Amino acid sequence: MIPSILPTYNRAPLSFVKGEGAWLIEADGRRFLDLGAGIAVNALGHAHPALVAALTEQAGKLWHTSNLYQIPAQQELADRLVEATFADTVFFTNSGTESCELAIKMARKHFFDAGQPERTDIVAFEGSFHGRSSAGIAAAGSEKMTKGFGPLLPGFKHLPWGDHDALHAAIDDDTAAILIEPVQGEGGIRPLPDQCLKGLRDLCDERGILLILDEVQCGVGRTGRLFAHEWAGITPDIMMVAKGIGGGFPLGAVLATESAAAGMGAGTHGSTYGGNPLGCAVGCAVMDHVATPEFLAEVNRKAGFMRQRLEGLVAAHPDIFTGVRGLGLMLGLTCKVANTDVVKAGYDTLVATVPAADNVIRLLPPLTITEGEIAEAVTRLDAAATTLETA
Ligand SMILES: *Cc1c(COP(=O)(O)O)cnc(C)c1O
């Protein structure tokens, strides 16, 4: 008999009932260190007082009006994102996959209005993840996500990650945009080298196409910059955001330059809930904290500490781990044993991690995690690795 919840997930037998900062409390009272943060969502940890205050204050005033009207909190958040980034304009969504939908629509409309309606193709990369909508799975293109769901949205080309020649050859007169994650998340925490991101920007400029960055997972302070592309010193034309921007409240956004967004006038796109007062009030509170040089400097400092501890962990358990990779507090441990076994062993030692492709476990702690908590988390991972060695 089919379960009352559609069985699309492989869930761990854990029920968390409360969260405090970097800690998750199980129904039975056990306290887990959370190195998953709801998959890079709870950027400020659980139950951050400023986020609780922003949400409850707004909840007592007004939840929803629709985009038929002005929404002051939405205006404020848009202004702040424009102020803090390359973008001239913002559309709010409720999730990453909705941001993907608009990013693709926007790129196509840009060229349609520019008198190049044949430019509809999006060049994307193997191992990428852009969400589970029809556009999102077509964009990622992996058989795992697309099989059985055809016919797929046409117009995507998939290239091996890091193959420059294939990339140059793939761009033609029908190409509208290149779509890429600056750090692949689901794909196994693979940062794109700065040089490659710069090269992609140059290539887009040369060929007159748009660069769409998917910063749904790597954005909002995760890598130690407000957005990951800042490390490479380049800017995209369109950027997808979600996850961390809402700190746990469903909120996403598409940020764009004026030129890229030029075709998106009244009636071209919409969302009932996108940019609702609750989400935007929380988003403003997230920006208050994350979008400051002091906060980002702390992320970088803690990231350095965590990376060093993880190198030690890998060295101590060469039969379990093969290396550390990632950027900022978006880290991955490549595993020698099945990554899902490492995640399970971590549950037994009360540390939550997230598996990813390429046999990696992801470590995406709340950006507010303390050094002491990082040290404790690595101690717990060490205990988990020891149990696997003696198993
Ligand atoms: C999670 C994720 C998405 C999809 O976001 P949802 O909110 O789950 O729809 C898209 N792109 C990347 C890089 C992601 O990590």
Side-chain angles (χ1 to χ4, degrees), residues 6 8-11 35-43 91-107 122 124-142 144-146 149 153 156 158 161 177-192 197 211-223 227-229 236 238-255 271 273-276 279 282-283 286 326-332 353-358 360-365 367:
L6 192 71
T8 61
Y9 298 107
N10 257 321
R11 294 172 199 269
L35 297 188
I39 316 188
V41 166
N42 305 101
F91 182 94
F92 290 102
T93 69
N94 308 284
S95 67
T97 203
E98 287 171 69
S99 295
C100 181
E101 292 289 329
L102 173 56
I104 288 160
K105 285 178 69 177
M106 187 184 281
I122 313 282
F125 295 87
E126 289 169 8
S128 64
F129 183 79
H130 302 296
R132 296 292 197 142
S133 65
S134 291
I137 61 172
S142 74
K144 193 176 147 210
M145 275 185 277
T146 58
F149 297 111
L153 184 66
F156 293 92
H158 299 99
W161 208 71
I178 294 175
L179 165 62
I180 195 163
E181 295 158 84
V183 185
Q184 279 192 352
E186 305 297 314
I189 311 291
R190 292 199 293 177
L192 193 67
L197 207 44
L211 179 61
I212 305 174
L213 294 182
D214 181 347
E215 293 228 18
V216 169
Q217 192 161 150
C218 62
V220 195
R222 178 57 50 191
T223 67
F227 289 101
H229 66 264
I238 299 173
M239 177 168 71
M240 298 155 51
V241 177
K243 294 202 167 96
I245 188 68
F249 195 92
L251 176 66
V254 173
L255 279 62
S271 165
Y273 293 120
N276 67 81
V282 176
V286 168
L327 197 60
L329 287 175
M330 185 170 185
L331 293 165
T353 60
V354 186
D358 218 13
V360 162
I361 66 166
R362 271 180 281 181
L363 313 173
L364 313 158
L367 305 180

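What you see is a predicted model, and the numbers here were worked out from it, not measured in a lab. One-based numbering, in listed order, for ligands and for the atoms of each.
Between atom CD1 of residue Ile178 and atom CZ of residue Phe125 there is a gap of 5.5 Å, rounded to the nearest 0.5 Å.
Between Ile189 and Leu364 there is a side-chain heavy-atom pair separated by less than 4.5 Å.
Remark: side-chain polar atoms of Glu101 are not paired, donor with acceptor, to backbone N or O of Ser133 under 3.5 angstrom.
Under 3.5 Å, the side chains of Ser128 and Glu181 contain no donor-acceptor pair of N or O atoms.
Residues Phe92 and Ala253 share a closest heavy-atom pair of CD2-CB, 3.9 Å.
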Can you produce the list of protein nitrogen or oxygen atoms under 3.5 Å from a nitrogen or oxygen of ligand 1, alongside each distance?
from     : atom 1 : to     : atom 2 : distance (Å)
ligand 1 : 5 (O)  : Gly96  : N      : 3.4
ligand 1 : 7 (O)  : Gly96  : N      : 2.8
ligand 1 : 9 (O)  : Gly96  : N      : 3.4
ligand 1 : 9 (O)  : Thr97  : N      : 2.8
ligand 1 : 11 (N) : Phe129 : O      : 3.2
ligand 1 : 11 (N) : Asp214 : OD1    : 3.4
ligand 1 : 11 (N) : Asp214 : OD2    : 2.7
ligand 1 : 15 (O) : Gln217 : NE2    : 2.7
ligand 1 : 15 (O) : Lys243 : NZ     : 2.6

Next item on the list: Using the side-chain contact (heavy atoms from CB on, under 4.5 Å) rule, take Gln217 and Arg362 through it: C-alpha gap first, then chi angles, then the decisive distance, then the call.
Entry: CA-CA 12 Å; Gln217 192 161 150; Arg362 271 180 281 181; 2.9 Å; yes

